[in-house]
Amino acid sequence: MKNNKTTWIIGAVALLVLPLMLQFFGNAWVRIADLALLYVMLALGLNIVVGYAGLLDLGYVAFYAVGAYLFGLMASPHLAENFAAFAAMFPNGLHTSLWLVIPVAALLAAFFGAMLGAPTLKLRGDYLAIVTLGFGEIIRIFLNNLDQPVNLTNGPKGVGQIDSVKIFGLDLGKRLELFGFDINSVTLYYYLFLVLVVISIIICYRLQDSRVGRAWMAIREDEIAAKAMGINTRNLKLMAFAMGASFGGVSGAMFGAFQGFVSPESFSLMESVMIVAMVVLGGIGHIPGVILGAVLLSALPEVLRYVAGPLQAMTDGRLDSAILRQLLIALAMIIVMLLRPRGLWPAPDHGKSLTQKI
Amino acid sequence: MDILLQQIINGLVLGSMYALIALGYTMVYGIIQLINFAHGEVLMIGALTSWSCIGMMQGAMPGAPGWVILLLATIIACIVAAALNFVIEKVAYRPLRSSPRLAPLITAIGMSILLQTLAMIIWKPNYKPYPTLLPSAPFELGGAYITPTQILILGVTAVALASLVYLVNYTNLGRAMRATAENPRVASLMGVKPDMVISATFIIGAILAAIAGIMYASNYGTAQHTMGFLPGLKAFTAAVFGGIGNLAGAVVGGILLGLIEAIGSGYIGTLTGGLLGSNYTDIFAFIVLIIILTLRPSGLLGERVADRA
């Protein structure tokens with residue numbers, strides 16, 4: 001027990017010090033850590049849908065987009081510039097505070113999650129996968145085209161000039177000087193994201209052991225049996241979609257604030273696929289595994305960018321960093337699955353649905 | 001009225017290409033229940049290979065007629081695509097046949113990214129103009145126009161479908177395929193080798209995809225390393241639409257999807273009073289899919305498979 005406690009403390013200190021160390025090597029490294037944290041949150045959210053309830057969702061990035069655009073509209077001059085009525089109502093612009101953004105993003109994404117869930121309740125497995133995929137694409141097509149007749153999303157150009165996050169008067173967009181020590185803006189975001197991730201992890205663990213979590217797992221293992229035992233499968237599936245989506249919405253809003261710019265390009269199908277890959281690669285339904293998968297797949301490729309320079313010179317420009325990155329992600333996905341089909345860090349006591357032969 | 005006829009022709013051409021690709025999805029799904037995400041990339045490799053072949057052959061034999069070059073390039077592309085799909089199945093899917101369901105799905109996605117990246121390295125990322133090898137003067141048909149390429153597409157699809165139906169229903173290989181789809185274990189007790197049947201399925205699917213890819217490229221006049229993604233996605237939608245695992249379903253789903261898309265994008269402007277334009281074309285496939293699956297979860301012609309998924 002004591003040993004366990006020291007590991008926890010060492011881990012926590014390491015996580016707190018990490019960005020300060022990375023800062024020395026340049027902000028780019030801290031940015032990678034920030035994005036990795038956002039992906040951890042996304043993967044944890046998707047894990048609720050896929051890992052707990054067993055509903056394969058290939059359109060998860062839609063909720064990320066909903067959150068990002070929500071914050072984009074609520075905290076940028078875009079609405080005021082395009083709608084006269086809006087400009088009259090809020091002459092100083094709508095600079096929404098973090099305390100409002102997070103719950104609203106979670107609620108709105110949850111609403112979209114339930115909307116996606118409602119027509120798909122009868123579907124399962126691959127049929128569900130393709131419908132969710134279609135839903136994700138529909139959202140992306142709308143984001144891409146809603147610049148006319150009413151300019152809501154600014155189309156492919158995206159929404160820019162999004163405010164940075166402010167908490168208790170502290171602007172995370174500016175560097176902070178503390179005891180003569182510089183803390184960069186990206187590092188401040190790191191701490192915000194870390195707090196959100198920790199909260200997400202706690203929620204996930206509590207959900208897993210709750211009645212709801214047990215019911216989800218019962219549905220995952222055998223839906224008909226679960227129904228026979230009196231579980232309301234319809235409501236619980238909707239709830240899984242909504243809960244998972246709300247994680248996506250919050251991380252989307254954070255992504256919007258962090259980047260200061262959102263465009264449909266960030267929410268392609270590939271992104272959804274990457275998040276599914278994170279969950280499956282790490283170990284589906286197992287929280288530490290999911291976190292590992294998310295960190296590996298989001299951070300590793302960025303780190304590999306730095307190796308790409310010499311390789312590019314060697315192959316006279318054909319193999320640049322972006323291509324190399326894709327190549328390595330693809331190879332990692334294939335090789336890891338071939339060697340460890342249940343994920344890198346699988347849950348020790350997983351049910352039969354994942355060991356079932358096809 | 002002329003627009004309607006034109007859109008129906010366009011829809012049929014588009015739909016027959018979807019149908020060819022969808023057949024590859026549905027055959028693979030029928031036998032090993034895998035969404036072969038890399039199928040669209042096989043199409044792309046087929047199209048790009050044929051593009052390279054055409055370039056080389058036009059240089060090597062300048063006087064040759066267009067259809068000879070196109071035929072030779074198609075044959076080579078089919079062989080390359082078939083070999084590729086055979087290897088993919090052996091390397092990425094076969095070792096995972098007894099693994100959790102999601103594992104082969106992830107390797108399939110990985111394979112799709114890998115093939116796109118390799119194609120980008122080999123062929124460079126720019127758009128390639130696909131040569132028109134057939135006469136390009138369109139025929140008039142009651143106020144609408146149809147090009148020789150489009151007629152060829154309809155013809156090739158019909159021939160490919162007829163041969164596939166013959167293959168599945170009247171040959172030993174077809175019987176073995178149906179038996180394996182039903183139950184691989186029992187089939188193997190009856191002397192069928194499931195591994196060989198699955199390889200054969202992948203090869204046939206790749207040939208159909210390569211043909212579809214070449215038709216797609218010649219119809220639109222360009223080829224590029226990302227060209228396989230959207231047709232692949234829509235063909236899969238078509239397969240699900242018709243009832244995945246069902247060959248006739250894939251064809252019906254493909255053609256219906258093509259028609260809906262063409263007619264929808266032709267009329268969406270007038271229907272919504274200019275509110276939505278033809279840039280929403282891609283949305284139809286998915287909306288139709290959601291509606292159909294909500295009303296009939298096993299697809300149009302699918303059987304009710306209660307617990308398979």
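Below, all heavy atoms of this structure are taken into account, side chains as well, without hydrogens, waters or symmetry copies. Per chain, numbering begins at 1; letters A, B, ... match sequence-line order.
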ask   = Can you check whether A:L133 reaches B:F236 side chain to side chain, under 4.5 Å on heavy atoms?
value = no
message = Can you confirm whether A:M333 sits close enough to B:I109 that some side-chain heavy atom of one is under 4.5 Å from a side-chain heavy atom of the other?
response =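 In short, these two side chains touch, coming nearer than 4.5 Å.
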Side chain, backbone, both or neither: which part of [X] has an atom under 4.5 Å from a heavy atom of chain B?
X: A:V336; result: neither
X: A:L58; result: side chain
X: A:L269; result: side chain
X: A:V131; result: both

query = Which of the residues B:L105, B:I106, B:L289, B:I290 is involved in the greatest number of heavy-atom pairs with chain A at under 4.5 angstrom?
reply =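 Looking at each option in turn, the highest pair count goes to B:I106.
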Contact leader toward chain A among B:T237, B:L115, B:L233, B:I287, where contacts are heavy-atom pairs under 4.5 Å =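 Looking at each option in turn, the highest pair count goes to B:L233.
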ask   = Which heavy atom of A:P341 sits nearest a heavy atom of B:P100, and at what distance?
value = O-CG, 3.9 Å
task = Check B:A92 against A:L338 and note the closest heavy-atom contact, atom names and distance.
result = O-CD2, 4.0 Å
What distance do [X] atom [atom1] and [Y] atom [atom2] have between them, rounded to the nearest 0.5 Å?
X: A:I284; Y: B:L102; atom1: CD1; atom2: CG; value: 5.0 Å
X: B:I283; Y: A:I138; atom1: CD1; atom2: CD1; value: 5.5 Å
X: A:I334; Y: B:I88; atom1: CD1; atom2: CD1; value: 8.5 Å
X: A:L327; Y: B:T117; atom1: CG; atom2: OG1; value: 5.5 Å

ask   = Using a cut-off of under 4.5 Å for heavy-atom pairs, which of A:L331, A:N145, A:I335 has the most such pairs with chain B?
value = A:N145
message = Can you tell me which of A:Q326, A:E137, A:R140 forms the most heavy-atom pairs within a distance under 4.5 Å of chain B?
response = A:Q326
inquiry  = Quick check on B:M196: does its CE atom have over 12 non-hydrogen neighbours (other residues, nucleotides or ligands) under 6.0 Å away?
reply    =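 Not buried by this count: 12 neighbours or fewer within 6.0 Å.
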